[in-house]
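The structure appears right after this line, and notes come after that.
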Amino acid sequence: MQQLWACAAFFLLCLVSSSAVSKTKQENTKGDSKDAGQSDLSLATEYLEQFYDLEDESAGRPKRSSDSIRSKLKEMQRFFRLNETGSLDNETIEVMKTPRCGIPDVHNYSPNGQQAKWHKNVISYSIGSYTRDLPASAVDHLIDSALKVWSSASPLSFVRSYSQNADIRVQFSTYAHGDFFPFDGPGGTLAHAYGPGEGIGGDAHFDDDETWSAGFQGFNLYLVAAHEFGHALGLSHSRYKESLMYPTYRKRNTAGNILSSEDVAKIQALYGPRRNLLYDFSGYGMTSLFYPWRLKFDVPQTRKEKCDPDLSFDAVTTLGRDVLLLKDRYLWIRHGQLPDIKEGPINNFMPRMYSDIDAAYSLPRRKFAYLFKGSKYWTVKGPEMKGGPKSIYKLGFPHQVKQIDAAVHINETGNTLFFIRDLYWSYNETARAMEEFYPRNITDDFPGISTKTDAAVEKNGFLYFFSGSEVYKYDYKQKKVSGTEKANTWLGC
Ligand SMILES: *[C@@H]1O[C@H](CO)[C@@H](O)[C@H](O)[C@H]1NC(C)=O
Ligand SMILES: *[C@@H]1O[C@H](CO)[C@@H](O)[C@H](O)[C@H]1NC(C)=O
Ligand SMILES: *[C@@H]1O[C@H](CO)[C@@H](O)[C@H](O)[C@H]1NC(C)=O
Ligand SMILES: *[C@@H]1O[C@H](CO)[C@@H](O)[C@H](O)[C@H]1NC(C)=O
Ligand SMILES: *[C@@H]1O[C@H](CO)[C@@H](O)[C@H](O)[C@H]1NC(C)=O
Ligand SMILES: [Ca+2]
Ligand SMILES: [Zn+2]
Ligand SMILES: [Zn+2]
């Protein structure tokens with residue numbers, strides 16, 4: 001009887017699935033085939049922008065050529081060992097649709113020509129938030145097991161911490177969660193992690209719109225976490241399908257060893273071979289053996305004291321719901337409500353950007369920020385700079401201008417204001433041209449703003465001018481300063 005039911009159910013399933021197949025086939029032949037081609041093309045360009053550094057077209061300024069798409073496509077096909085056709089064949093589309101890690105395949109973890117690594121062997125980790133899919137104890141266990149994958153192949157060991165300052169902080173989030181990598185709902189990107197470093201360095205984020213499991217349903221948390229921890233320790237993506245560091249997800253047996261010989265070689269190239277702590281004392285300082293925590297202080301302490309009353313900023317901009325604040329080589333990202341702040345050296349968020357940004361602004365309708373340094377500016381979307389630096393003279397500045405003090409986009413007018421000493425320029429983002437009759441005198445148009453401006457940002461209908469450790473809150477409908485505050489209140493101090 002049970003068997004009969006199974007058969008009946010199976011038969012029904014067959015009917016349903018074959019009708020589903022013929023239905024989609026009909027739709028395909030009936031529907032405009034250009035639509036399918038179009039959606040594949042937009043999938044492909046988004047994919048290449050996210051993982052292969054393809055320049056973003058909607059950044060406006062320079063047009064992207066079909067040649068650059070073709071060459072990026074070939075680069076992607078080379079990475080995945082597909083035929084390098086430079087066209088969107090079925091295998092290529094298939095790979096692009098496979099759920100994967102959010103870290104680019106061309107991500108450069110060695111901005112200084114030196115691969116980032118932890119300069120200590122005992123690394124702390126904390127679990128800041130949990131998924132709804134699994135009991136907390138199961139998450140604890142899977143995270144612990146995923147770290148053991150690496151400690152069993154290297155001299156590293158991992159200790160659980162309950163502090164905000166753990167080296168590797170694990171969190172589950174959906175969509176925008178306070179860094180440059182918003183998640184994308186079910187499928188697509190599963191997780192991402194930052195390479196070794198202060199602040200956000202080493203942290204691993206998991207998309208909680210995925211179904212996480214300890215087995216074969218949805219995505220296996222142990223497998224994905226072990227991959228992400230590879231990034232947290234300094235490894236980049238592998239082209240070898242057998243490697244744990246291969247970018248796309250594949251269901252596989254989790255019982256045995258999940259590292260390929262390449263994964264082992266890469267982790268040992270960074271940290272050396274695994275040592276048996278009980279017996280092998282060779283080449284291992286007695287101090288570090290008996291006081292492993294001492295090694296923690298090998299990491300240079302460059303974190304800014306954010307509640308210093310004299311703290312000032314070089315540049316401030318909103319980006320979606322976030323506020324980015326930059327100072328020297330440090331970046332804070334304030335996500336939504338205080339006190340959710342992510343922080344770290346700029347190049348930990350953006351591998352090719354280092355320090356001393358002069359000004360920054362963002363266009364809310366496009367999801368871009370522009371960062372200015374000297375006579376150059378960069379476009380930022382996601383974790384990557386989009387293309388190389390561009391010249392500010394292309395925006396219409398005269399050559400006497402060598403540096404911009406502050407920039408702010410005014411959402412209501414669609415113009416961006418650039419502040420340079422006691423003058424300001426107005427750039428029309430729709431016309432992509434500097435407005436006529438500028439520059440104008442700042443003090444004439446912004447009464448009360450007379451000192452040099454370090455940074456400016458618009459928020460909730462007010463303009464905020466940062467000058468040293470002071471912030472002037474300017475009401476531009478009333479044309480007057482309506483209050484002042486300390487710059488560090490923007491970091492919740
Ligand atoms: C590559 O191209 C050859 C010949 O066109 C074809 O036989 C093969 O299946 C292709 N391989 C892949 C991975 O697309
Ligand atoms: C690619 O897929 C389409 C539809 O899925 C099919 O019609 C076509 O024959 C496939 N092409 C190749 C080269 O496999
Ligand atoms: C910008 O202005 C548009 C209308 O001009 C409005 O719909 C949108 O909410 C504003 N965005 C922000 C971030 O203020
Ligand atoms: C910006 O340029 C557009 C198109 O040329 C124009 O319609 C608009 O009025 C300009 N905006 C401002 C604030 O001048
Ligand atoms: C701007 O206005 C102030 C006050 O009126 C004046 O002292 C200053 O010289 C002006 N700057 C320029 C460049 O015109
Ligand atoms: Ca996702
Ligand atoms: Zn990855
Ligand atoms: Zn993230």
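Source: prediction; values computed, not measured. Every number for a ligand or one of its atoms is a count from 1 in the order of the listing.
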Under 2.8 Å from the Zn ion (ligand 7), can any N, O or S atom of Cys101 be found?
yes
Just checking Tyr125 against Phe158, ring centres under 6.0 Å apart?
no
Can you confirm whether or not the ring centre of Phe372 sits under 6.0 Å from the ring centre of Phe418?
yes
Test of proximity, Asn428 against ligand 4: N or O pairs below 3.5 Å:
yes
Only N/O/S atoms count here: what is the atom of [X] closest to the Ca ion (ligand 6) called?
X      : result
Asp207 : OD2
Asp184 : OD1
Glu210 : OE2

Run the contact test for Glu435 against ligand 4 with a 4.0 Å cut-off on heavy atoms, strictly below, and give the result.
yes
Regarding [X] and [Y], does a basic nitrogen lie under 4.0 Å from an acidic carboxylate oxygen?
X      : Y      : value
Asp105 : Arg239 : no
Arg440 : Asp444 : no
Asp475 : Lys473 : no
Asp53  : Lys72  : no
Glu84  : Arg78  : yes

Looking at Ala431, which atoms of ligand 4 are within less than 4.0 Å of one of its heavy atoms?
2 (O), 5 (O)
Which of the atoms of ligand 4 are close to Thr413, meaning less than 4.0 Å from one of its heavy atoms?
13 (C)
Any protein heavy atom lying closer than 4.0 Å to atom 14 (O) of ligand 4?
yes
Is atom 2 (O) of ligand 4 in close reach of the protein, with a heavy atom under 4.0 Å away?
yes
Kindly report the O-the Ca ion (ligand 6)-O angle for Gly187 and Gly185 respectively, rounded to 10°.
90°
Metal-centred angle, the Zn ion (ligand 7) as apex - NE2 of His231, NE2 of His227, 10° resolution
110°
Would you find a donor on one side and an acceptor on the other, under 3.5 Å apart, between the side chain of Arg169 and the backbone of Gly199?
yes
